[in-house]
Amino acid sequence: MEYAGMEVEEQAHPNPNSSKRFGLKNSIQTNFGDDYVFQIVPKDDWTTMAVSLSTNAVKLYSPVAGQYYGECKGHSATINQILFSGSSNPHVLSSCSTDGTIRAWDTRTFQQVSCVSAGSSQEVFSFSFGGSTNNLLAAGCKSQVHFVPEHQGKLVSASVDGLICTFDTNGDINDDDNLESVINVGTSIAKVGFFGETYQKLWCLTHIETLGVWDWKDARNEANFADARSLASDSWNLDCVDYFVDCHYSGETEKLWVIGGTNAGVIGYFPVNYKGMATIGSPEAILEGGHTSVVRSVLPMSTMHGGPAQGQGIFGWTGSEDGRLCCWLSDDSPQINQSWISSTLILRPEKTRKKKRHHPY
């Protein structure tokens, strides 16, 4: 396997010779079929990561060693979201599916422990646990739903209708009395997330690859990047950015990045300035050489301060439509020159793949 690198460009000193390097430690082929990696999520203590696949199964691995633990199987259609429970139920993983169910799994035995059905004619695209007393489960059958961190009584929903709605879930819940605000994005919404010191900010990615930043409390737009993909594409010398994967926020540095990728599997971290003049800057990190197709999920492990991955120099994991999980090492890792593929895994022959992204709703 050839060495693959991740370059971190120094914004104040754009000399490419001073770029920080990241190495590809491990590339795991998750299956031998024509499968995709949809999502990667960590357990609270970062001892396990769960990976949802287009085979309607969830596989579990060690985020430090890449060791395979087992899989949870039971869904009969596409898995749209997975999420570990909090510290009160640390071994429980939940998942929702187009089969109309939300299932809970014990990750020690890989067995299903509960199942909630939304009805045979419903497809569950997202779910969220919350409420002022943490006693509610919200399911999005035609939308994505999120209880707001540190504002657990507030529920936000977003959909292909272009609307982001905020509800107060205290007391009896109904649309008329509990709807607090509506944000009209104007186009189909792909993904939203919260950031800021008190999570009062909301970022929104759309299916036409635009980006917006809002204050969800008063429904105020703070930045709108209608040409986000063009701005990102113009800021590096690689192929055009074909899509956005996600946004990531660092509370320590108070920085927001939008993660863009190419159909060939290269991704970049593009800094977003949403204060004053709205700009998308040159990528501060480029991950290249690990994937051969669209990247679906990025799990950064740099937030594991003092955790086991910090000592291993692990930057994070990525998952793609090529069926691979890639682990990236920082340049100060003692394993930087030991890039490897597990000897127990055999890469399947490359096939002609349709460059078609999956949209859950």
Side-chain angles (χ1 to χ4, degrees), residues 38-45 50 52 79-97 100-105 114-118 122-183 185 189-205 212-220 246-249 251 256 297 299 303 360-361:
F38 281 151
Q39 188 182 8
I40 312 171
V41 300
K43 190 177 175 182
D44 268 8
D45 62 3
S52 60
I79 296 173
N80 295 315
Q81 184 186 353
I82 55 175
L83 180 69
F84 274 99
S85 298
S87 57
S88 59
N89 294 290
H91 301 293
V92 175
L93 173 76
S94 298
S95 58
C96 71
S97 168
T101 65
I102 301 174
R103 301 172 189 250
W105 313 86
S114 70
C115 179
V116 176
S117 176
Q122 298 287 351
E123 302 178 29
V124 184
F125 294 115
S126 72
F127 66 97
S128 184
F129 295 102
S132 56
T133 58
N134 204 35
N135 64 335
L136 297 178
L137 168 62
C141 293
K142 293 183 179 180
S143 63
Q144 52 180 291
V145 291
H146 303 268
F147 282 102
V148 183
E150 297 186 8
H151 305 270
Q152 285 293 85
K154 306 297 183 181
L155 177 69
V156 168
S157 68
S159 178
V160 294
D161 62 8
L163 301 180
I164 301 175
C165 301
T166 302
F167 298 89
D168 184 348
T169 62
N170 293 308
D172 296 331
I173 302 173
N174 63 70
D175 285 349
D176 294 331
D177 295 337
N178 294 82
L179 178 63
E180 290 193 335
S181 67
V182 177
I183 296 171
V185 176
I189 297 168
K191 184 179 287 189
V192 299
F194 304 95
F195 69 100
E197 185 178 357
T198 60
Y199 297 98
Q200 77 278 12
K201 308 296 184 187
L202 178 148
W203 57 259
C204 172
L205 290 171
V213 175
W214 304 76
D215 186 312
W216 63 265
K217 289 185 178 181
D218 56 14
R220 184 180 73 255
D246 207 341
C247 287
H248 286 167
Y249 177 76
L256 178 69
S297 186
L299 175 63
T303 55
Y361 61 93

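Quick note: residue numbers are just sequence positions, from 1.
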For L136 against G131, the heavy-atom pair lying closest together: CD1-CA, 3.9 Å

F129, CZ: over 12 other non-hydrogen atoms inside 6.0 angstrom: yes

Between OG on residue S128 and CD on residue Q81, distance to nearest 0.5 Å: 7.5 Å

pair D44-F84: side-chain heavy atoms closer than 4.5 Å: no

Side-chain heavy atoms of C165 within contact of F167, under 4.5 Å: yes

Student check: side-chain heavy atoms of F127 and V116 closer than 4.5 Å: no

C115 backbone acceptor or donor facing T101 side chain under 3.5 Å: no

Donor-acceptor contact present, side-chain T169 to main-chain G153, <3.5 Å: yes

Approximate separation, where rounding is to 0.5 Å, of T166 OG1 and H146 NE2: 11.5 Å

Check: Q152 side chain, N134 main-chain N or O, donor-acceptor pair, under 3.5 Å: no

Sidechain-backbone polar pair: N80 side chain, S126 backbone, donor-acceptor under 3.5 Å: no

Steps toward side chain to side chain contact (heavy atoms under 4.5 Å, CB included) verdict (V192, W214): CA-CA 10 Å; V192 299; W214 304 76; over 6 Å; no

For the student: nearest non-hydrogen atoms of S95 and I82, plus distance: CB-CG2, 3.8 Å

E150 atom CD, over 12 foreign heavy atoms within 6.0 Å: yes

Interatomic distance, Q144 atom CD to I189 atom CD1 [nearest 0.5 angstrom]: 7.0 Å

Least distance between heavy atoms, S132 atom then N170 atom: OG-OD1, 2.9 Å

Heavy-atom pair with the smallest gap, counting every atom of P90 and S88: CD-C, 3.6 Å

4.5 Å side-chain heavy-atom contact, K43 and H91: yes

Heavy-atom closest contact (Y199 atom, V148 atom, distance): O-CG1, 3.9 Å

Interatomic distance, L179 atom CG to L155 atom CG [nearest 0.5 angstrom]: 11.0 Å

Any donor-acceptor N/O pair, S297 side chain to I40 backbone, under 3.5 Å: yes

Verdict with supporting geometry, F194 and W216, side chain to side chain contact (heavy atoms under 4.5 Å, CB included): CA-CA 9 Å; F194 304 95; W216 63 265; 4.0 Å; yes

Rounded distance (nearest 0.5 Å) linking atom CD1 of I164 with atom OG of S157: 9.0 Å

Check against side chain to side chain contact (heavy atoms under 4.5 Å, CB included), W203 and K191: CA-CA 8 Å; W203 57 259; K191 184 179 287 189; 3.6 Å; yes

CD1 on I79 to CZ on F38, rounded to 0.5 Å: 8.5 Å

By side chain to side chain contact (heavy atoms under 4.5 Å, CB included) - contacts of D215 (at least two apart): Q200, K201, K217, D218, R220, E222

